[in-house]
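The sequence lines fix the lettering, A, B, ..., with proteins before strands; numbering per chain opens at 1.
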Amino acid sequence: MLEIKNLHAKIDDKEILRGINLTVKPGEIHAIMGPNGSGKSTLSSVLAGSDVFEVSEGSASFYGKDLLAMPAEDRAREGLFYSFQYPVEIPGVSMVNFMRTALNEHRKYNNLKPYTAGEFLKLMREKKNLVEIDSNLTNRSVNEGFSGGEKKKNEIFQMAMLEPRVAILDETDSGLDIDALRIVANGVNKLKSKDTATIIITHYQRLLDYIIPDFVHVLHNGRIVKSAGKELALELEEKGYDWIKKEFED
Amino acid sequence: MTQDKDQILEEVTANEYKYGFSTDIETDTIPKGISEDVVRIISAKKNEPEWMLEYRLAAFAHWKTMEQPNWAKLKIAEIDFQDIIYYAAPKQRPKLDSMDDVDPELRATFEKLGIPLNEQKALAGVASVAVDVVMDSVSVATTFKETLAEKGIIFCSFSEAVQEHPDLVKKYMGSVVPYTDNFFAALNNAVFSDGSFAYIPKGVRCPIELSTYFRINAMNTGQFERTLIVAEEDSYVSYLEGCTAPQRDENQLHAAIVEIVAMQRAEVKYSTVQNWYPGDKNGKGGVYNFVTKRALCKGDYSKVMWTQVETGSAITWKYPSCILMGDHSEGKFYSVAVTNNHQQADTGTKMIHIGKNTRSLIVSKGVSAGKSQNSYRGLVRINKRAENARNYSQCDSLLMGDKCGAHTFPYLEINNSTAVVEHEATTSKIGEDQIFYCNTRGLSTEQAVGLIVNGYVKEVLNQLPMEFAVEAQKLLQISLEGSVG
């Protein structure tokens with residue numbers, strides 16, 4: 001379970017998150033929506049452990065542990081997954097090598113024996129089928145020369161491999177055509193279980209046609225100003241964000 | 001997090017040089033300093049024929065007229081050439097009947113370095129490498145000689161070649177790198193003590209990798225070895241070179257020569273993993289590495305490929321080159337040069353196109369960390385009559401931290417309008433975003449840097465023979481793990 005309390009974060013003295021409160025329980029899907037500059041991406045990268053932002057106040061606990069005290073790699077090993085809005089290219093590093101190193105780090109952290117090459121390749125095949133990723137993508141270097149859609153699919157593939165307890169998908173739908181969107185959404189739905197939770201950061205309601213959220217939160221000026229069920233997303237789609245901006249202008 | 005990285009950098013730079021031990025073995029040395037007498041003593045110790053002595057003396061006379069070059073981007077403390085011992089040899093029984101006769105202390109040394117001197121043992125696994133081992137000034141062992149001899153391949157120490165195959169040595173020694181070539185080459189020609197010799201007869205593919213392992217052990221000693229490889233028509237050989245030295249506070253001088261001659265359709269691959277002691281993290285000690293390596297692609301359709309992974313030495317001055325004389329001959333140069341702490345490297349290649357339809361490829365990857373300086377210096381010359389010559393050069397530099405430097409000095413001399421010459425260069429820093437991406441997948445910053453650097457140099461490591469590539473990869477990890485700021 002992820003519990004965020006009064007989270008404040010800033011960059012160069014500019015406060016971007018100004019008291020976020022959010023509780024995410026196993027089995028839930030939360031959508032965080034909001035206009036540009038509301039702090040959506042900041043929230044997700046702060047949770048993932050980016051050192052670009054400084055947390056000035058508040059707390060976040062992850063299954064009882066102090067999330068903010070952990071380096072990014074330990075957050076990942078504890079089961080937090082962060083899907084990048086702009087996945088990074090790492091030339092010359094094969095997906096296979098990258099994923100195997102990552103997965104075995106997770107296993108080491110959890111006192112499990114590393115996978116043998118055979119076990120790993122078998123697992124990779126299964127997960128590739130699950131998320132419908134082309135087999136040749138995994139033969140290439142990490143994200144190198146991937147199209148926008150391929151990069152996002154690759155994020156979901158990594159999520160499938162790492163089996164996180166909580167996944168944060170940062171604008172996973174941006175730059176996707178309708179087919180890629182469907183594949184990405186199907187992947188997320190297939191990976192959903194009663195023990196895992198998903199936080200979807202998105203600008204548009206489009207993705208939420210495919211992944212039905214249990215809760216929708218609206219972020220504005222670094223605070224969650226409105227929370228409701230999935231119908232809120234439709235309302236936002238219809239009315240835009242202006243009424244939120246007006247209602248909560250400070 | 002920046003603090004973390006500094007800390008990791010600190011830890012990594014404190015990483016001990018694994019090969020820094022020295023061997024306590026009785027050594028036969030001569031007094032310090034260089035003179036005509038010293039040249040004569042060395043020649044006498046090796047029982048050399050008169051022509052060899054004459055050659056050395058001519059080189060020495062020429063060396064005295066020369067000055068140490070200073071055009072490289074290197075800061076070199078003055079070298080006192082009279083303060084160096086020019087000959088040191090581990091004492092052991094003069095004649096070895098078999099590998100079992102190798103001094104146990106020596107054997108232990110090389111076992112510690114991971115170099116098997118025991119053929120039986122190597123045979124138990126599948127034999128893939130024959131080794132000539134050079135400690136200080138002499139070759140102490142050569143393995144698999146008989147196996148190779150069955151195919152007519154000669155693989156022995158240079159001293160032995162002078163005795164046993166004088167005609168070949170006379171014919172080819174100095175034919176690629178004459179003693180007049182440069183200051184350090186002249187010095188080597190005067191005082192060289194040993195090295196390796198390989199001769200691959202016509203039409204023979206050498207079935208195993210040939211390898212020379214160089215080790216400096218004795219104190220205050222310079223190592224001056226030379227390697228000569230002759231590949232006759234339609235032959236093939238892959239050659240490996242490795243080197244280490246003990247950790248000493250003084251700088252040690254290493255000035256070597258490698259000459260390669262490739263006849264028609266012959267192919268030679270020469271791979272180096274250079275791991276001389278780089279000095280401590282404050283820049284004290286370390287090997288001065290001044291090496292002249294050159295290949296002559298003499299025959300039509302001959303091919304030479306240099307691959308080097310340079311991680312050691314306080315100073316590296318080295319430009320493995322190809323003279324593309326035969327029509328359709330081909331030269332390739334793949335290089336990874338890693339510098340950390342106070343290391344300085346000025347390295348690159350020369351591709352001299354003389355024949356028609358000659359091709360060359362240069363792939364150079366520099367990685368600089370700490371307070372090091374890393375320069376690529378390369379010359380591509382297309383001679384007047386070299387019709388349809390092609391060259392492609394790619395020089396990439398990767399910087400870690402903000403106290404190091406990367407420099408690229410490409411020289412292009414094109415005298416034929418049919419030439420196609422391309423040069424690409426990039427300089428990049430290891431991206432914070434790349435590291436963070438790896439972090440979010442559960443990799444530590446150290447692992448991330450290791451992975452990213454290995455990815456960056458992969459194109460070069462792929463050219464190395466398998467066992468060597470693994471070794472090189474580990475070496476890079478040790479040299480650089482986490483050294484990002």
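Contact of A:Asn104 with chain B is not made at all, since no heavy-atom distance falls under 4.5 Å. For chain B, the nearby parts of A:Pro87 are the backbone and the side chain; heavy atoms of each come within less than 4.5 Å. Contacts of B:Tyr456 with chain A are made by backbone atoms alone, with heavy-atom separations under 4.5 Å and no side-chain atom involved. Interface remark: A:Phe81 contributes side-chain atoms only to the contact with chain B (heavy atom separation under 4.5 Å). Heavy-atom distances place no part of A:Glu78 under 4.5 Å from chain B, backbone and side chain included. Neither the backbone nor the side chain of A:Ser141 has a heavy atom closer than 4.5 Å to any heavy atom of chain B. Looking at A:Val52, neither its backbone nor its side chain comes within 4.5 Å of chain B, counting heavy atoms on both sides. Heavy-atom distances place no part of A:Asp74 under 4.5 Å from chain B, backbone and side chain included. Within the 4.5 angstrom heavy-atom criterion, atoms from both the backbone and the side chain of A:Ile90 approach chain B.
Between A:Lys122 and A:Glu126 there is a salt bridge, since a side-chain N of the basic residue sits under 4.0 Å from a carboxylate O of the acidic one. Between B:Lys293 and B:Glu241 there is a salt bridge, since a side-chain N of the basic residue sits under 4.0 Å from a carboxylate O of the acidic one. Of the charged side-chain nitrogens involved, none lies within less than 4.0 Å of a carboxylate oxygen, so that B:Arg441 and A:Glu105 do not count as a salt-bridged pair. Salt bridge B:Asp346/B:Lys73: absent, no basic N to carboxylate O contact under 4.0 Å. For A:Glu119 and A:Lys113, the salt-bridge test fails: no basic side-chain N is under 4.0 Å from an acidic carboxylate O.
In this structure a side-chain-to-backbone donor-acceptor pair under 3.5 Å is missing from B:Asn439 to A:Glu73.
Counting heavy-atom pairs under 4.5 Å between each of A:Gln158, A:Arg75, A:His106 and chain B puts A:Gln158 at the top. With chain B as partner, the option from A:Val88, A:Asn143, A:Val93 having the largest number of non-hydrogen pairs under 4.5 angstrom is A:Val88.
Side chain to side chain, B:Gln308 and B:Thr347 meet the donor-acceptor criterion of an N or O pair below 3.5 Å. A:Ser50 and A:Ser45 share no side-chain donor-acceptor pair at under 3.5 Å.
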